[in-house]
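Okay, structure first, notes after.
Values reported hereafter were calculated over all heavy atoms of this structure, with side chains retained and with hydrogens, waters and symmetry mates removed.
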Amino acid sequence: MASKKKPVQVQLPTEPMEPIAPRLFVSSSHLVSEKSKELSEFEFGLILAGNAFNRWVVRCMAAAGLKDLTTLDVLLLHHVNHRAREKKLADISFMMNIEDTHVVAYSLKKLVALGLVKSEKRGKEVLFSTSVKGQQFIERYRSVREACLIASLSGDSSENFELGELARFLRMLSGLYDQAARAATSL
């Protein structure tokens with residue numbers, strides 16, 4: 001004969017339980033604000049994405065044949081090549097949102113020394129443009145990018161729409177961080 005088991009008694013809490021907060025993915029929990037926990041999560045995502053992007057840019061250019069360039073060197077090479085127009089140091093710095101023009105000038109000198117960028121002095125201004133050698137490496141970079149990065153995208157119109165919206169959002173946040181940086185300077 002099978003023995004009868006007594007039903008298990010469950011004690012229900014008398015006080016309402018606090019909702020379980022979702023786990024935050026942040027790099028600095030001490031900066032999490034009650035006003036916007038999501039901003040801390042976004043910043044951590046930005047850190048991860050920024051580091052991955054920097055690693056990608058350098059390795060893509062290395063695969064294209066230039067192994068000793070920094071992320072800034074690669075990005076400046078692409079920007080100088082953009083629209084096949086000569087560019088001034090101040091304009092390059094402004095478009096890349098880099099305050100320290102000395103950092104940009106140093107990188108441009110390096111690109112000139114490698115024969116990837118040409119410089120031409122006109123009056124007081126120095127204008128930079130991409131050399132034929134630089135354009136060849138940019139074309140190789142583009143091929144590697146197509147094969148390794150673009151090929152991993154679906155090409156779906158909704159995916160491309162989301163990427164466009166994300167780009168718009170990042171530009172907007174760039175303005176917020178710039179404004180906050182100016183405010184912090186005046187404290």
Backbone of [Y] reached by a side-chain donor or acceptor of [X] within 3.5 Å:
| X | Y | value |
| --- | --- | --- |
| Lys121 | Ser119 | no |
| Ser28 | Leu31 | no |
| Glu139 | Gln135 | no |
| Lys118 | Ser129 | no |
| Glu86 | Leu127 | no |

Kindly check if the number of other-residue, nucleotide or ligand heavy atoms within 6.0 Å of [atom1] ([X]) is above 12?
| X | atom1 | answer |
| --- | --- | --- |
| Arg145 | CZ | no |
| Asp156 | CG | yes |
| Gln179 | CD | no |
| Tyr106 | OH | no |

* To do: Go through the structure and list residues passing ring pair (Phe, Tyr, Trp, His ring centres under 6.0 Å) with Tyr141, not counting sequence neighbours.
  => His78
Can you find a heavy atom in the side chain of [X] that is under 4.5 Å from one in the side chain of [Y]?
| X | Y | result |
| --- | --- | --- |
| Leu76 | Leu111 | yes |
| Phe53 | Leu75 | yes |
| Met96 | Val104 | no |
| Met61 | Val144 | no |
| Glu43 | Tyr177 | yes |
| Ile47 | Asn51 | yes |

* Asked: Going by the side chain to side chain donor-acceptor pair (under 3.5 Å) test, which pairs reach into residues 90-100, not counting sequence neighbours?
  -> Asn97-Asp178
* Do any pairs count as a side chain to side chain donor-acceptor pair (under 3.5 Å) and have a residue in residues 55-64, sequence neighbours left out, and if so which ones? -> none
* To do: Over all heavy atoms of both residues, which pair between Ser40 and Ser33 is shortest? Give the atoms and the distance, please.
  => OG-N, 4.4 Å
* Measure across Ala151 and Ala147 and return the closest heavy-atom pair with its distance rounded to 0.1 Å. => CB-O, 3.4 Å
Going from [atom1] on [X] to [atom2] on [Y], what distance comes out if it is rounded to the nearest 0.5 angstrom?
| X | Y | atom1 | atom2 | value |
| --- | --- | --- | --- | --- |
| Ser27 | Leu46 | OG | CG | 10.5 Å |
| Leu77 | Lys110 | CG | NZ | 11.5 Å |
| Thr130 | His79 | OG1 | NE2 | 10.0 Å |
| Ser29 | Lys37 | OG | NZ | 12.5 Å |
| Lys88 | Met95 | NZ | CE | 13.5 Å |
| Ser131 | Asn81 | OG | CG | 9.5 Å |

Path from [X] to [Y] over hydrophobic side-chain contacts below 4.5 Å:
| X | Y | value |
| --- | --- | --- |
| Leu149 | Leu48 | no |
| Val103 | Leu89 | yes |
| Leu176 | Leu166 | yes |
| Val74 | Val112 | yes |
| Leu72 | Phe137 | yes |

* Might you work through the side-chain contact (heavy atoms from CB on, under 4.5 Å) test for Leu114 and Asp73, ending with a clear yes or no? => CA-CA 11 Å; Leu114 290 169; Asp73 298 335; over 6 Å; no
* To do: May I have the step-by-step check of side-chain contact (heavy atoms from CB on, under 4.5 Å) for Leu116 and Val80, ending in yes or no?
  => CA-CA 10 Å; Leu116 303 171; Val80 168; over 6 Å; no
